[in-house]
Every structure is written in C-alpha cells, then in structure tokens.
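Report on one structure; see the data block that follows.
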Amino acid sequence: MSAPWTEWDHIVKIDPDKSLVDGESYEDVCRTGTDAIEVGGTTGMTEEKMQAVVEACSEHDVPLYIEPGVDATVVHTDSLDGYLIPIVFNAGDVSWMTGAHKEWVRLDDGIDWARTNTEAYIVLNPDSSVATYTQANCDLDAEDVAAYATIAERMFGQEIVYVEYSGTFGDPEIVAAAGDALDDATLFYGGGIHDYDSAHEMGERADTVVVGDLVHDEGVDAVRETVRGATDAN
Ligand SMILES: CC(C)=CCC/C(C)=C/CC/C(C)=C/CC/C(C)=C/COP(=O)(O)OP(=O)(O)O
Ligand SMILES: O=P(O)(O)OC[C@@H](O)CO
Ligand SMILES: [Mg+2]
C-alpha cells in the first residue's frame, strides 16, 4: 500500500502559535477540502498550544499530522495519523540534520515509529525564521536543489522532499528542477501560496502544495481557492 501523502495535492499547515481569523474555527479549516493538516511552526511552540490544536482538529475527518519545529515539541495521542519530522538537508548547523533528532530519541520514550516519517527539507528563503535558525545555505541554483533532492531520495531513502520558501513565493523553475530529479519521492512545496493561480502554478511542479500563513492571515475562503488550484493542477 502506498503512503498516504502520495495521494495529497494540498496540505494546510496550522501554527499553534498564531490565531485564526476572527469568527473562524479549526472545524472550518478542516472543512476547506484540504487533504491533510500539519500542526507545527518553527518557533514559539508549547505542548499546551500544540495539544489544543490537535484536539480541535482530531474531531474532524481529515488526516492529522504533527510537524515539530526547532523546539522539538511533540504530543502523543492516538488521534494523530502520524508525525512528520523535518531534516534540513542544507542546514549550516548539523543539529538540524541529526542532533535535534538524537536528543528527541534520547528523551522521548513514547515514540511510535510506525507512525513516524521524515521530510527532507531544502530551505530556500533566507529571510524565514527556519532559515535563520538552521543557518541554511539558501544560495542554491536549480542544479544544486535538484542534486539535494536526488541525494535525499537515492542516498538517504527519503519518501518526502520539501522545497521550503516559507513566507515568500518561490522560483517555479527551482521547484520544477526538484520535481524532475525525483522518481518515487513525493515533492512538497511550501511558501507564499495565496490564491488559485499561485497554488495552480506550484501544483503543476510539485506533488503537494503546503499553505501556511494564508489560513492565519486571510482565512478559510482564501484557503479553499488554493485547494481548487492545487487540485486542478494534478
Ligand atoms: C527532531 C525533532 C522532533 C525536531 C526537530 C525538527 C527540525 C529539524 C526542525 C528545524 C526547523 C523546521 C524545518 C521546522 C519545520 C516547520 C516550519 C518550517 C515552519 C515554518 O516556519 P517559519 O515560517 O520559518 O516560521 P514561523 O513559525 O515563525 O512562521
Ligand atoms: O506560510 P507559507 O508561506 O504559506 O509557507 C507554508 C509552509 O511551507 C511553511 O512551512
Ligand atoms: Mg511562517
């Protein structure tokens, strides 16, 4: 059986450190037509904040995953479909490749490996907090990004490669180069998706588009448009 994300066109990433638009609920977010919810953010996470969002979303019929950030906050509950653990392939600080992971495994005796998978991040917006924290080398051209995607798949057996422009709309040619480099891995794209056209454009180049800030800044009607764009592109 193939992994669930091979069927996804669209993900909403909810940051528990940010609020929803006035009058909207997590139920509304779950009902946008998105294929999955990821709960996470680079900074400002606590177990309480994460638990509250997980609980609110778990009552609705959409696959639900935690994606821990730099503080490695993970809550364990049966209502989750799984845990997507980032590994930053172009990090300048190796903690974000294996160090944080080693500490998590050392300290957390509740890890459910059957529901735990990794995402091979290539971080490309130098102004994002994820780039700052991980000291990512974002000065990469399409060939560099394609080569990172290839090593992630071929040398490190990664099932998900994530081209991450968090906060800004990325270079479609770079995303296409990553897609062309992959045979079996699923390509996630995230960054600056804000309407039908931007979701459609990146949805043609990546397998799955991830929408983050839009849900907090504009709300569920705008998210629904991106679901349409990503779905039409696939
Ligand atoms: C080993 C464990 C459990 C955790 C470590 C996981 C790692 C390597 C985290 C590194 C940072 C990372 C790739 C986080 C993923 C989530 C993400 C990129 C969220 C978007 O963040 P930004 O948009 O940069 O920041 P804000 O949260 O401030 O918006
Ligand atoms: O917040 P945005 O820019 O939509 O980015 C989504 C996601 O890739 C962040 O990790
Ligand atoms: Mg962000």
Side-chain angles (χ1 to χ4, degrees), residues 10-19 29 34 36-47 49-50 53 65-76 82-108 110-113 115-136 138 152 158 160-170 175 187-195 198-199 202-203 206 208-219 222-223 225-227 229-230:
H10 188 282
I11 297 171
V12 174
K13 189 179 289 192
I14 301 177
D15 187 339
D17 193 38
K18 295 177 183 162
S19 51
V29 177
T34 192
I37 304 276
E38 279 188 322
V39 183
T42 300
T43 58
M45 196 65 59
T46 64
E47 282 191 22
K49 287 186 209 170
M50 186 173 262
V53 175
Y65 289 73
I66 279 179
E67 187 195 54
V70 291
D71 34 27
T73 305
V74 173
V75 297
H76 296 288
Y83 307 83
L84 294 172
I85 313 295
I87 300 171
V88 182
F89 270 59
N90 60 330
D93 174 349
V94 293
S95 302
W96 311 112
M97 296 173 182
T98 55
H101 311 73
K102 181 270 289 177
E103 276 302 283
W104 179 49
V105 170
R106 188 172 71 82
L107 296 170
D108 188 340
I111 298 175
D112 177 358
W113 289 108
R115 284 186 291 161
T116 300
N117 285 86
T118 52
E119 297 166 316
Y121 265 75
I122 308 166
V123 171
L124 292 171
N125 175 10
D127 299 327
S128 62
S129 55
V130 60
T132 307
Y133 267 87
T134 63
Q135 296 170 38
C138 303
Q158 296 296 294
I160 297 170
V161 173
Y162 193 138
V163 172
E164 171 67 291
Y165 278 92
S166 184
T168 193
F169 191 68
V175 181
L187 180 63
F188 286 9
Y189 167 81
I193 301 282
H194 60 280
D195 60 7
S198 53
M202 287 308 186
T208 311
V209 300
V210 183
V211 170
D213 290 344
L214 191 71
V215 69
H216 301 287
D217 296 344
E218 302 291 333
V223 171
E225 285 302 298
T226 66
V227 172

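Position 1 is the first residue of the sequence, and the numbers go up from there. When a ligand or atom number is given, it counts from 1 through the structure's own listing order.
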Item to check | Heavy-atom nearest neighbour of atom 28 (O) of ligand 1 within options Ser166, Ser129, Ala136 | outcome: Ser129
Checklist entry - With respect to atom 12 (C) of ligand 1, which of Val74, Thr116, Val130, Leu84 exhibits the smallest heavy-atom separation? => result Val130
Are the side chain of [X] and the backbone N or O of [Y] linked by a donor-acceptor pair below 3.5 Å?
| X | Y | value |
| --- | --- | --- |
| Thr73 | Gly69 | no |
| Thr168 | Tyr165 | no |
| Asn90 | Val123 | yes |
| Lys13 | Glu67 | no |
| Asn125 | Ser166 | yes |

Decide yes or no for [X] and [Y]: does some side-chain heavy atom of the first lie under 4.5 Å from some side-chain heavy atom of the second?
| X | Y | answer |
| --- | --- | --- |
| Val161 | Ile122 | yes |
| Pro16 | Val39 | yes |
| Val12 | His10 | yes |

Could an N or O of ligand 1 be found under 3.5 Å from any N or O of [X], whether backbone or side chain?
| X | result |
| --- | --- |
| Trp104 | no |
| Thr134 | no |
| Asp15 | yes |

Next on the checklist: If the contact criterion is a heavy-atom separation under 4.0 Å, does Lys18 count as touching ligand 1?
Outcome noted: yes
Checklist entry - Would you say Gly69 touches ligand 1, if touching means a heavy atom closer than 4.0 Å? => result yes
Could you tell me whether [X] and ligand 2 have an N or O pair separated by under 3.5 Å?
| X | answer |
| --- | --- |
| Lys13 | yes |
| Val211 | no |
| Tyr162 | yes |

Checklist outcome for this item: Output for pair (Thr208 OG1, Ile11 CD1), nearest 0.5 Å, gives 5.5 Å
Checklist entry - If you measure from NZ on Lys49 to NZ on Lys18, what distance do you get to the nearest 0.5 Å? => result 11.5 Å
Close-contact set for ligand 2 against [X] heavy atoms, below 4.0 Å:
| X | value |
| --- | --- |
| Gly190 | 8 (O) |
| Gly192 | 2 (P), 3 (O), 4 (O) |
| Gly191 | 3 (O), 5 (O), 6 (C), 8 (O) |
| Glu164 | 7 (C), 8 (O), 9 (C), 10 (O) |
| Asp213 | 1 (O), 2 (P), 4 (O) |
| Gly167 | 2 (P), 3 (O) |

At a non-hydrogen distance cut-off of under 4.0 Å, which region of [X] contacts ligand 1 (side chain, backbone, both, or neither)?
| X | answer |
| --- | --- |
| Val123 | neither |
| Ile87 | neither |
| Pro86 | both |
| Glu67 | side chain |
| Tyr121 | side chain |

Next on the checklist: Does Ser19 form a side-chain hydrogen bond (donor to acceptor under 3.5 Å, both in side chains) with His216? I'd like the steps, not just the answer.
Outcome noted: CA-CA 6 Å; Ser19 51; His216 301 287; over 6 Å; no
Checklist entry - Hey, what's the ring geometry for His194 with Phe169, parallel, tilted or perpendicular (30° and 60° as the breaks)? => result perpendicular
Checklist entry - Which atoms from ligand 1 have a heavy atom of Val88 less than 4.0 Å away? => result 13 (C)
Next on the checklist: Distance under 4.0 Å to a non-hydrogen atom of Glu164: what atoms of ligand 1 satisfy this?
Outcome noted: 18 (C)
Checklist entry - Of Thr116, Ile85, Val74, which meets side chain to side chain contact (heavy atoms under 4.5 Å, CB included) against Ile111? => result Thr116
Next on the checklist: For the OH atom on Tyr133, are there more than 12 heavy atoms of other groups (residues, nucleotides or ligands in this structure) within a distance under 6.0 Å?
Outcome noted: no
